[in-house]
Each structure stands twice: as structure tokens, then as C-alpha cells.
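Report on the structure given below.
Quick caveat: nothing in here was measured; it's all calculated off a predicted structure.
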Amino acid sequence: MSYEKVTQSKNDVIIGTKQAIKALKENRVKEVVIAEDADVRVTNKVLILAEELKVPVSKVASMKKLGQACGIEVGASAVAIKK
């Protein structure tokens, strides 16, 4: 997945690791995007849960660019795209 796909899905994204984990547990996510420059301790729970639930995971290089793709001023370590 690319930043463009996140931008196109802007109204259907869940931003942040805590919110992504909650949405994964509620079976509301079709895909997860993780920033590679994010702290592994922050993103690891999202990655593990997504793998357990067989939700596709994509990686992008930059938290800052991922945040911009979501339309926020700060970086985003994880983003979930709603079903």
C-alpha cells in the first residue's frame, strides 16, 4: 500500500496504534499500514494482532508522510483502513 491509498481512504482511516488495535479487535479493519520509522515497541502489538487476525499489513517509510496522507499535522505510526 502506498501513501496515495491512505489519502484516497482518508474518510475511512483509523489513526494511531491504540485505535487500530481496538478496531482490529472489533473486526472493522480490512488493512493496516505501519510506518517503518516508528518505534517497534509502539507498532508491535498492531502487527501481531493483524497477523493473528489475517489482516493484510503494508509498510511505508515515514511516519510524517503517513500522517500527512491522513490529513493530520503530526506523524502516524499506524493506520487502519476500515472495511
Side-chain angles (χ1 to χ4, degrees):
M1 178 189 299
S2 63
Y3 299 110
E4 291 81 25
K5 190 166 184 182
V6 173
T7 302
Q8 291 169 0
S9 303
K10 198 181 296 184
N11 294 330
D12 292 322
V13 295
I14 299 163
I15 305 166
T17 54
K18 289 179 186 175
Q19 292 84 352
I21 289 169
K22 181 178 177 186
L24 281 164
K25 288 179 180 177
E26 294 172 353
N27 194 29
R28 296 187 296 132
V29 178
K30 68 177 180 181
E31 199 164 350
V32 173
V33 185
I34 302 290
E36 290 181 338
D37 64 346
D39 190 331
V40 175
R41 291 174 292 181
V42 173
T43 59
N44 209 24
K45 289 179 184 178
V46 177
L47 285 170
I48 290 169
L49 186 57
E51 288 173 10
E52 286 175 6
L53 298 174
K54 306 214 182 323
V55 173
V57 176
S58 301
K59 294 193 176 182
V60 294
S62 167
M63 284 177 60
K64 183 172 180 163
K65 288 183 182 177
L66 184 56
Q68 289 172 345
C70 294
I72 61 174
E73 299 284 322
V74 296
S77 56
V79 172
I81 297 181
K82 296 179 193 175
K83 289 183 176 178

- Checking Ile15, Val13, Val33 against Leu66 for side-chain contact (heavy atoms from CB on, under 4.5 Å), the one that qualifies is Val33

- Item | Heavy-atom check, side chain of Cys70 versus side chain of Val79, under 4.5 Å | yes

- Task: Write down the atom of Ser62, the atom of Tyr3, and the distance for their closest heavy-atom approach.
- Result: N-OH, 2.9 Å

- One should read off an interatomic distance between Thr43 OG1 and Lys59 NZ, to the nearest 0.5 angstrom, of 7.0 Å

- If you look at every heavy atom in Met63 and Ala35, which pair is closest and at what distance? CG-CB, 3.5 Å

- Query: Got more than 12 heavy atoms from elsewhere within 6.0 Å of CD, Glu26?
  - Reply: yes

- Item | Heavy-atom check, side chain of Ile14 versus side chain of Arg28, under 4.5 Å | yes

- Message: Please enumerate all residues that pass side chain to side chain contact (heavy atoms under 4.5 Å, CB included) together with Lys45, with sequence neighbours excluded.
- Response: Ile21

- Message: Between Leu24 and Val55, is there a side-chain heavy-atom distance shorter than 4.5 Å?
- Response: yes

- Query: Roughly how far, to the nearest 0.5 Å, is CD of Glu73 from NZ of Lys64?
  - Reply: 9.5 Å

- Query: Are Leu53 and Leu47 in one and the same hydrophobic cluster, where Ile, Leu, Val, Met, Phe, Trp and Tyr link if side-chain heavy atoms are under 4.5 Å apart?
  - Reply: yes

- Message: Restricting to side chain to side chain contact (heavy atoms under 4.5 Å, CB included), what partner residues turn up for Lys30, sequence neighbours left out?
- Response: Ile81, Lys83

- Query: Between Val32 and Pro56, is any pair of side-chain heavy atoms under 4.5 Å apart?
  - Reply: no

- Query: Should Leu49 and Val29 be counted in the same cluster of Ile, Leu, Val, Met, Phe, Trp and Tyr side chains packed under 4.5 Å apart?
  - Reply: yes

- Query: How long is the gap from NZ on Lys18 to NZ on Lys22, to the nearest 0.5 Å?
  - Reply: 12.0 Å

- Query: Got a second to check how far Ser77's OG is from Asp39's CG, nearest 0.5 Å?
  - Reply: 9.0 Å

- Honestly curious: do Ile48 and Val42 fall in one hydrophobic cluster under the side-chain, below-4.5 Å linking rule? no

